[in-house]
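Heads up, the thing below is written out as C-alpha cells.
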Amino acid sequence: MATWRLLATTTVLAAALSACGGDSDNNDNPAPPVITPESISLQLLGRYSSGEFGVSAAEIPAYHAGTKRAFVVNARKGAVDVLDLSDPANPVHADTLTTETIGEGTVVNSVAVHGDLVALAVEAPTKTDQGHLALYEADTLELISTTTVGAQPDMVTFTPNGRYVLLANEGEPSDDYSVDPEGSISVVDITEPASPQPAIADFTAFNDRKDELLANGVRIFGPDASVAMDLEPEYIAVSADSSKAWVTLQENNALAIVDIASATVNDVVALGAKDHGEAGNGLDVSDDDGAINITTWPGVKGLYLPDAIAAYPSGDATYLVTANEGDARAWGEDNAAYFGTEDAVPCDGDASQGFVEEWRVKHLVHANGFDRRCGDDLPAHLRALAVGALLNPETFAYCGATAGDPGDCRDDEKLGRLNITWTEGYRTDEAGNPVMFNEQGLEDANGDRLMYDDLYAFGTRSFSIWNEDGALVWDSGDAIETFLASDECKLGAERALDCKTFFNSNHEEGSTFDDRSDNKGPEPEGLTIGQIGDKYFLFLGLERMGGIMVYDITDPAAPLFQDYLNTREEWVAEDVSSGDVGDLGPEGLAFIPADQSPNGEALLIVGNEVSGTTAIYRVLSELAD
C-alpha cells in the first residue's frame, strides 16, 4: 500500500482541508480531525548548545506552550536554562531560573510544567538535608512559593489534574554512609499555589516488614539501614485520573505504589530478575574480546533497576513503561580506607568508610581469594563475609567451572570482565546467612568461601512494560543491543555511519567500540510517551550509546519498533569535547503534541548531559494511503 509522509500535526492537516473546501458549512470552527499514523520517525530540527561539555549542562527538559519556552535543568549551573522555542529550528537562550533566594548552594535536580506553573525540585547544599519544591510563574519567571520536602528531591511531576505536585525524594546516603536519610515521596497540594500544602508518603510502615520484603526480592542491603532509609525513590508515573502514582526504587529493584489523595505508600513490589540464559535475553558481556558477541549466559541474571517510568492507558487498564538502566551503590569508592592497605592479609578495609557493591566476576571467583585485591578495589563489606568465592559447577559447567575452580568462566573473553553485584546470588540458609564452602568446593561450616549459584548484573539493557500491579507484561529482551549490531542501524543526523562500527561505545570519548559491554551496555535511562491520534509511542534515550529509540506501544503486549535516531556526529576523535560533536548522553525527554507546539508539528525535546546540548526533533508521521 502506498504511503505518504506528513508532519505529525492536526493543524497542518486542518489547514489543508480548509484550502480544499473541507470545512463544514455548519461549523465555522471545526475541531481538527484526529490523525492516527501508520508509523512515525524522527528528524533533527534544531539544537541549543550550552557550550559546556561533560558537566551535565543539559539534563531534564519541560515545555510551556503559552510562552513557547523550554525549561532545561543545567546541573553545571545548579539552575534551569530557559530557551525560546518560537523558532524550534533555532532555539535561543532567553533567561535562567536560579534558586539563590531559596538558599545559597541549593541546586535544581528536576523541572516540570503544568498550565502556567513551573515546578522545580531543589536539593539542599548538603544532599542529606531536606530539599524544597519551588513554584514559579511560567511567563514572568517570578517565584510564587517554596515548601520543604524530603531529602534529595530527584524528580518532580504534576498530576494530570494539576492539583498536586509529586517529588521523588531519593534520600541517598552520605559518601561514607554515616548519614542515610529516609527515602520518601512528597505529595504537595497546590490548589493555592501561593500556599502549598505538603504531605509525605513515607516507608516507615514497612520498617517491621523487612523480612517479608527481602523474601519477595526487594533489595534492602544498606549498612545499618531501616527499610525507610534503604528505599530510594527515583522517578514517578501518575495515572490519568490523578489518583495513583508508581515510583521506581531503582537501587532496590522495586516499585512503590502510592495513593495520592492520602499520601500513602500502599505497596512495595519487587521487580525480579531477567534470565540472560534464556533465548532472546542474550547480552554482550566483554569489552576485551574485540568483537560483538550477543549470546546467552546461563546463571547470569539481570536486575531491572529502572530509572525513568511513565504510565499510559490501554483498553480499561493502565500500563507502566520502565527504562532499565541499572545502578549500583558505590559510596566511598574514592576513599582508600574502605579498600584497605595494599598486600595486607587479612585485608584491613574499613567497612565504616563507605559501601561498594560492584565487582568484576574475574575478581570475585579467583582461586586465590579476595585479599589479592586488598588496597585496590576489594569491598570491605564483602571481605567481612568471606575470604573468597566459588561458582556453582553445575550451573557454570558450560564455561569450565568445576568444584573449587572457576575454569574459563573468569576469562576476559567469557564472564571475567562483567561487572556484577556481590551482594546477592550466593547460597544462603533459611535465615539468610551465607552457606560456607571450603577451597575444594565442598560445603563446610568451617569453610571461608561463598558459593555463587547465580551472578546478578546491573540493568537488563532493555525497556519493560508492566501492569499497574507491577507484573511484567513485556520486555524488549536483547532487541536493543541486537539492533545496534545490525546493518540496518545507522548513526548521525544523516544516518550515514554504521552503528556496529561503534557498538556499545561510551558517551564521553571517541573510538570506544565495545567499551560498555562489561557494564550496562547502551543503558536505557530516560523516556517519555507521546500520543498521536489513537496510538501511544515510546521515546527511549540510550545514555551511553546515545540516540533515541521509538516504539509503538499501543498494544502493551506487542510493541512495534519504529525508528532510531542518534545525532552524535563525532565518533572517532580522541577528544570529542569541542567542535560540532552533536548530541551525546541523552538524559531527559519531553514530547510536545502538535496542538501545543510552537510550529504546529509534534516535537521531541531531549536534554543531553554530556554534550550540554538540547536537541529538538521533528516527529514525522507516515499515513496509509
Side-chain angles (χ1 to χ4, degrees), residues 173 176-177 180 210-211 214-215 217-225 230 251-253 273 299 301 303 328-333 335-341 343-393 395-396 401 403-406 409-410 415 418-458:
D176 62 359
Y177 240 102
D180 189 3
K210 182 175 182 178
D211 290 344
L214 286 169
V218 178
R219 302 181 78 221
I220 303 170
F221 57 102
D224 303 317
D230 201 72
E251 289 81 359
N252 310 102
N253 196 38
K301 305 297 175 73
L303 297 170
R329 281 184 170 156
W331 305 109
E333 57 185 336
N335 186 350
Y338 179 74
F339 298 105
T341 307
D343 299 328
V345 179
C347 190
D348 58 352
D350 185 349
S352 71
Q353 297 294 308
F355 185 87
V356 176
E357 66 163 316
E358 187 175 36
W359 223 28
R360 292 195 192 277
V361 172
K362 65 187 294 184
H363 302 326
L364 183 71
V365 297
H366 195 285
N368 292 339
F370 299 152
D371 283 343
R372 57 188 289 276
R373 305 294 300 183
C374 188
D376 189 346
D377 60 359
L378 172 58
H381 291 89
L382 172 61
R383 183 59 182 82
L385 279 180
V387 169
L390 308 168
L391 287 177
N392 185 326
T395 304
F396 295 96
D405 187 345
C409 298
R410 62 176 301 277
L415 291 170
L418 182 64
N419 283 290
I420 61 164
T421 177
W422 58 262
T423 63
E424 53 196 294
Y426 58 81
R427 196 173 307 174
T428 59
D429 59 23
E430 292 183 358
N433 300 311
V435 175
M436 304 308 294
F437 287 74
N438 59 31
E439 292 182 60
Q440 290 73 44
L442 301 175
E443 187 174 335
D444 182 350
N446 296 315
D448 55 13
R449 299 298 201 266
L450 303 173
M451 175 62 73
Y452 280 83
D453 297 317
D454 296 296
L455 300 172
Y456 285 83
F458 298 100

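- The distance from the CZ atom of F355 to the CZ atom of F221 is 5.5 Å, given to the nearest 0.5 Å.
- Residues N392 and R427 form a side-chain contact, since some pair of their non-hydrogen atoms from C-beta on lies under 4.5 Å apart.
- Between I420 and L418, some side-chain heavy-atom pair lies under the 4.5 Å cut-off.
- Salt-bridge annotation for R219 and D230: absent, with no side-chain N of the basic residue lying under 4.0 Å from a carboxylate O of the acidic one.
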Can you check side chain to side chain contact (heavy atoms under 4.5 Å, CB included) on V435 and M451, steps first, answer last? CA-CA 7 Å; V435 175; M451 175 62 73; over 6 Å; no

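- One finds the CZ atom of R383 at 15.0 Å from the CZ atom of R373 (value rounded to the nearest 0.5 Å).
- Pairing each heavy atom of A337 with each of Q353, the nearest pair is CB-CG, 4.0 Å.
- Pairing each heavy atom of C347 with each of G375, the nearest pair is SG-N, 4.4 Å.
- A donor-acceptor pair shorter than 3.5 Å cannot be found between the side chains of R329 and T423.
- The minimum heavy-atom distance linking T421 with L303 is given by the pair CG2-CD1, 4.1 Å.
- To the nearest 0.5 Å, the span separating CG on N253 from CZ on F458 amounts to 11.0 Å.
- With hydrogens and angles ignored, the 3.5 Å screen pairs no side-chain donor or acceptor of Y456 with any backbone N or O of A273.
- With rounding to the nearest 0.5 angstrom, the CG atom of D453 is 8.0 Å from the CZ atom of F396.
- Using a 4.5 Å cut-off on side-chain heavy atoms (C-beta onward), L364 and L450 make no contact.
- Each of D377, D176, V356 was compared with Y338 under the side-chain contact (heavy atoms from CB on, under 4.5 Å) criterion, and only V356 meets it.
- By the 4.5 Å heavy-atom criterion applied to side chains, D350 and N335 are not counted as neighbours.
- In terms of heavy-atom proximity, L390 sits nearest to G404 at CD2-CA, 3.9 Å.
- Taking the six-membered ring for Trp, F370 and W359 have ring centres closer than 6.0 Å.
- No more than 12 heavy atoms of other residues, nucleotides or ligands shown are found within 6.0 angstrom of CG on D224.
- To the nearest 0.5 Å, atom CD of residue E439 and atom CZ of residue F437 are 14.5 Å apart.
- Across D180 and A225, no two heavy atoms sit closer than the pair OD2-CB, 3.8 Å.
- Between Y452 and L382 the shortest heavy-atom distance is OH-CD1, 4.3 Å.
- The line from CZ of R449 to CG of L385 is 13.5 Å long, rounded to the nearest 0.5 Å.
- In this structure, the side chains of R372 and H363 come closer than 4.5 Å at one or more pairs of heavy atoms.
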